[in-house]
2 protein chains.
Amino acid sequence: MAKANKRLSIADLAAELGLSISTISRAFNNAPDVSEATKAQVWALADKLGYRPNSLAAALRRGRSNMLGVIVPHINGAFFPAVVHGIEEVASQAGFNVLICQSNEDEAQERKHVEALLKAQVDGVLVSMSNTTSHFEHFEKVRNQATPLVFFDRMPTGLPNACGVVVDDYRGAYQVVEHLIRQGCQRIAHFAGPSTVNTTADRHRAYRDALQAHGLRYDERLVVRLRNSTTEAGAEAMQQLLDGPVRPDAVFSAYDFPAGGALQLLEARGLRVPQDVALAGFSNEPFTTMVKPQLTSVDQRGELMGKAAVQLFLQILKRTEFFTGQRIVLKPQLIVRDSSLR
Amino acid sequence: MAKANKRLSIADLAAELGLSISTISRAFNNAPDVSEATKAQVWALADKLGYRPNSLAAALRRGRSNMLGVIVPHINGAFFPAVVHGIEEVASQAGFNVLICQSNEDEAQERKHVEALLKAQVDGVLVSMSNTTSHFEHFEKVRNQATPLVFFDRMPTGLPNACGVVVDDYRGAYQVVEHLIRQGCQRIAHFAGPSTVNTTADRHRAYRDALQAHGLRYDERLVVRLRNSTTEAGAEAMQQLLDGPVRPDAVFSAYDFPAGGALQLLEARGLRVPQDVALAGFSNEPFTTMVKPQLTSVDQRGELMGKAAVQLFLQILKRTEFFTGQRIVLKPQLIVRDSSLR
DNA sequence: GTGAAAGCGCTAACAA
DNA sequence: TTGTTAGCGCTTTCAC
């Protein structure tokens, strides 16, 4: 095993080969104006010595790190991992390394991550906002650094000209509710997510609009604000509805896991799904096909979203102009399963 | 909004305040030998100007990046996200930023990530091996750079003195099989993972040993090698067993999702779980409590594992000595649920 | 308590 | 095709 481990630099290779450091540098960047013979020599020696270019030094000098910062609220469930996957794929094709951070739905952590990424000189930041974030100065800072900023899925409503990729949550939710109405449901309840986030706010709005468009009353008593997006929160919400003044015959949940929780609770209470209460969620989590009955849901095109976000970033990077508030809107996909078919 | 965006440096602050760059640097590092008044001045100006230290430059100069590289096979399911969570928590406490990479169970990608991390001058690498990895030179390279290398969950068997944190897979699997035997199962089948990976190899070995220790025959015909760790692979494997010469009365799956797939297939074939076939998986995925019957499984202590891995890394970093092959073994937790209770 | 100066490892003019 | 040189922004002796 190798012993003395003082870090090697191009200077060492240069000395060894009797070449100048610039030639070594050029060889590593595969510059066209270095002879193939020289390149071969350099690469062979590097291989033998275990030399590896220091990308920090290169980044410092070049003023470009080829690193892309990504902030997600979490990587639980299937959606954000899918997005991350899409991001990594396109980013690595374009020669970028990806720095992933989780905000854990906490604004303070989100700010810290933004700072850290900026200090690390990332060439761009992709963010899906924490759902507790209510101030946006940390995002403004990114843009003030002239660092491209692209949102995905969750965008701040209060930030003018924000670029991003979202799914048409309104449309997806509207389709769910229309579907439930067509199945004959009359008292459709809603498990609502936070109203501060575009996604869940849109789902809620679509729920209300779809009801009214079909002549059904929007009844506050049928709307429960979820504590979070877990099964437990869903079970609680379902219990609350069952204890309430109006017995729903369907529930549209802003997330899948709470819908799963509702399913368990209904079963425990001896109610049948979908005959007594139809259920639909949002996200198309894998578990939705493993429960009985399988859960109706809406697919959010996670991987595609990630890819689109990086492409948008690359576009912005190319332009010298300033940010133009581009927004890419993906079509969600309603997936009807047994939990809402009667 | 700010306009001309040439990056600021300590030199700009120094000029503005009539101080030297060293003082500015010291102020930012909160050095004790700078007067509080000066610090306050510097910080105020930085705040006003939106200056942010360039951590790349600092890392280059200091020879330490405070970045920790992490390579996971994927972030699907609940286990690896839990580990990552644990890693981030302890790492950020210790002042490290975490660079997460996914190998997608592919050796080539794993190698590329190792190279990229090393070039980025990370101070350490935490890895859970891809299950297709069969050569370990890329790991040796890390150690040859004198960069701490810590494995978690999946360790190479062929790398001497590898440090890492694992769960006692053998023990967990042994407990599962013993439990099934105590429930009266006589023909216990096994869905096996890759034999190249310590975790699934241990689960398989424990399965065989537990059978034999209880006077049951180890029958190759009851062992199916999974194509991968999805529900589909589990359904296939179950079908294969049902089509085979020996009808099992229990299945111990090396992963949870295939157990879920088996559950669905059994149900579709009109077989009852656990009465006709008892089921048990491994990982304690959240979905195991959402299906009916709920699935027996083994918890792998993901978050704890992540924390322990970082602590091990920090320990190694402190020592001047070389790697000693420390291994931390966590106790898994058998969680018995309805799918195996009869 | 503060400053001057060297240099981390690399890139990119500019020369030759 | 190759070499020389001046930094990128920061930390860190060593002075004063």
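Fair warning: this is a prediction, and the values are worked out from it, not measured in the lab. A note on names: the letters A, B, ... follow the listed sequences, proteins ahead of strands, and every chain is numbered from 1. Just so it is clear, the values below take in all heavy atoms, side chains as well, and ignore hydrogens, waters and symmetry mates.
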[X] side chain, from C-beta outward: closest of [options]:
X: Leu60(B); options: dC10(C), dG9(D), dT11(D); value: dG9(D)
X: Arg26(B); options: dA13(C), dT11(C), dT2(C); value: dT2(C)
X: Ala57(B); options: dT11(D), dG9(D), dG3(D); value: dG9(D)
X: Arg62(A); options: dG9(D), dT11(D), dT11(C); value: dT11(C)

Take the protein atom [atom1] of [X] and the nucleotide atom [atom2] of [N], then report the distance between them rounded to whole Å.
X: Asn54(B); N: dT11(D); atom1: CG; atom2: P; answer: 9 Å
X: Ile10(A); N: dT4(D); atom1: CD1; atom2: P; answer: 13 Å
X: Ile24(A); N: dT11(C); atom1: CD1; atom2: P; answer: 12 Å

What's [X] touching, base or sugar-phosphate or nothing? Going by heavy atoms closer than 4.0 Å.
X: Tyr51(B); value: sugar-phosphate
X: Asp33(B); value: base
X: Ser55(B); value: nothing
X: Ser35(B); value: sugar-phosphate
X: Ile21(B); value: base

field: Check ion pair Glu88(A)-Lys307(A) (N to O, under 4.0 angstrom)
entry: no
field: Check: Phe28(A) ring centre within less than 6.0 Å of Tyr51(A) ring centre
entry: yes
Test item: [X] and [Y] side chains (from C-beta on) under 4.5 Å apart, heavy atoms:
X: Leu312(A); Y: Gln326(A); answer: yes
X: Phe80(A); Y: Gln102(A); answer: no
X: Val165(A); Y: Arg327(A); answer: no

query: Considering the options Gln109(B), Glu115(B), Glu107(B), which one meets the side-chain hydrogen bond (donor to acceptor under 3.5 Å, both in side chains) requirement together with Arg111(B)?
result: Glu107(B)
message: Suppose we call a contact any N or O donor and acceptor under 3.5 Å apart; does that hold for the side chain of Arg61(A) and the base of dG9(D)?
response: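 No pair found.
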message: With hydrogens left out and only the distance checked, is there a donor-acceptor pair under 3.5 Å joining Ser22(A)'s side chain and the base of dT4(D)?
response: yes
message: Less than 4.0 angstrom between a side-chain N/O of Thr23(B) and OP1 or OP2 of dG3(C), yes or no?
response: yes
query: Under 4.0 Å: is that the gap between some side-chain N or O of Ser9(B) and OP1 or OP2 of dC8(D)?
result: no
message: Given a 3.5 Å cut-off on both pairing distances, which stems involving DNA chain D, each at least three consecutive Watson-Crick or G-U pairs, are present, if any?
response: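 Stem segments, range with range: C:1-16 with D:1-16.
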